[in-house]
Amino acid sequence: KKEVAWLMSKAPTERILGPEEQRAERVRAFELLDALTRSGAMAVEEASVHVIVAATHCFDKTLIDCVVQDNMNPLTQVEQSALVMASTAKKAAPTELIRDQHLPRLHHAANALLAE
């Protein structure tokens, strides 16, 4: 959790929440939402929820070694990982998430992933 103790604080503090603390924070968030909407009496229009998924990608070799020694584009692996995450989050086939102009290139690089 990243938070600022009070409005005029200079630096935010960061800490890792355990399961119980996460549950308590979730309850606090819903209580705030409940208070802001007057227990649902006031409609929340044109609101959106944004979910951010962070991911890292590790390579066995350095970026330069992937390109020079293995003659491999490391971005292809990152692209495939992102496609797997997106298809899982959207509950859609990977081919449905790719623009038609990119399908031939991706079929060559990720044939097993895009096989229907």
Side-chain angles (χ1 to χ4, degrees):
K1 176 181 177 180
K2 192 174 190 178
E3 66 183 339
V4 178
W6 55 289
L7 192 58
M8 301 302 285
S9 294
K10 291 186 180 188
T13 58
E14 220 172 298
R15 63 188 173 107
I16 296 174
L17 300 177
E20 286 300 317
E21 293 170 312
Q22 288 179 14
R23 202 169 293 116
E25 289 295 322
R26 188 178 308 113
V27 167
R28 284 183 57 206
F30 280 115
E31 285 174 353
L32 176 61
L33 183 61
D34 193 45
L36 291 172
T37 62
R38 296 183 184 164
S39 298
M42 193 167 84
V44 179
E45 296 179 19
E46 297 186 32
S48 60
V49 175
H50 298 271
V51 177
I52 299 171
V53 177
T56 59
H57 200 85
C58 297
F59 294 96
D60 294 332
K61 296 182 177 183
T62 65
L63 181 67
I64 298 299
D65 288 344
C66 285
V67 174
V68 175
Q69 292 176 357
D70 297 342
N71 194 26
M72 180 193 82
N73 182 356
L75 294 179
T76 303
Q77 288 183 345
V78 174
E79 199 171 43
Q80 288 177 26
S81 297
L83 188 55
V84 167
M85 286 190 296
S87 67
T88 302
K90 295 277 191 180
K91 295 182 182 175
T95 51
E96 295 174 19
L97 303 173
I98 302 169
R99 291 191 178 133
D100 292 337
Q101 70 228 35
H102 297 291
L103 274 173
R105 176 180 60 83
L106 289 172
H107 262 292
H108 176 71
N111 196 22
L113 181 62
L114 300 175
E116 292 184 42

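Taking Thr62 as the reference, Asp65 meet the side-chain hydrogen bond (donor to acceptor under 3.5 Å, both in side chains) condition, with sequence neighbours excluded.
Judged purely by atom type and a 3.5 angstrom limit, Gln69 has no side-chain atom pairing as donor or acceptor with the backbone of Cys66.
The two residues Glu21 and Leu17 come nearest to each other via the heavy atoms OE1-CA, 3.3 Å. The heavy-atom pair separating Met72 from Pro74 by the smallest distance is O-CD, 3.2 Å.
Environment of CD1 in Ile16: sparse, with no more than 12 heavy atoms of neighbouring residues, nucleotides or ligands closer than 6.0 Å.
Rounding to the nearest 0.5 Å gives a distance of 12.0 Å between OG1 of Thr76 and CG of Leu83. Considering CD of Gln80 and CE of Met85, their distance stands at 12.0 Å, rounded to 0.5 Å. Summarising the geometry, atom CZ belonging to Arg15 is positioned 5.0 Å from atom CD belonging to Glu3; distances are rounded to the nearest 0.5 Å.
Under a hydrophobic clustering in which Ile, Leu, Val, Met, Phe, Trp and Tyr are joined whenever their side-chain heavy atoms come within less than 4.5 Å, directly or via other members, Val68 and Phe59 fall into different clusters. In the hydrophobic cluster analysis, where Ile, Leu, Val, Met, Phe, Trp and Tyr join through side-chain heavy atoms closer than 4.5 angstrom, Val78 is grouped apart from Ile98. When hydrophobic clusters are built by joining Ile, Leu, Val, Met, Phe, Trp and Tyr residues whose side-chain heavy atoms come closer than 4.5 Å, directly or via intermediates, Leu103 is grouped together with Val84. By the rule that hydrophobic residues join a cluster once side-chain heavy atoms approach within less than 4.5 Å of another member, Leu106 and Leu97 end up as members of one cluster.
Ion pair Arg23/Glu20 flagged as a salt bridge, since at least one NZ, NE, NH1 or NH2 atom sits closer than 4.0 Å to an Asp/Glu carboxylate oxygen. Salt bridge annotation for Lys1-Glu25: present, with a cationic side-chain nitrogen under 4.0 angstrom from a carboxylate oxygen. Salt-bridge check for Glu79 with Arg105: passed, with a basic side-chain N closer than 4.0 Å to an acidic carboxylate O.
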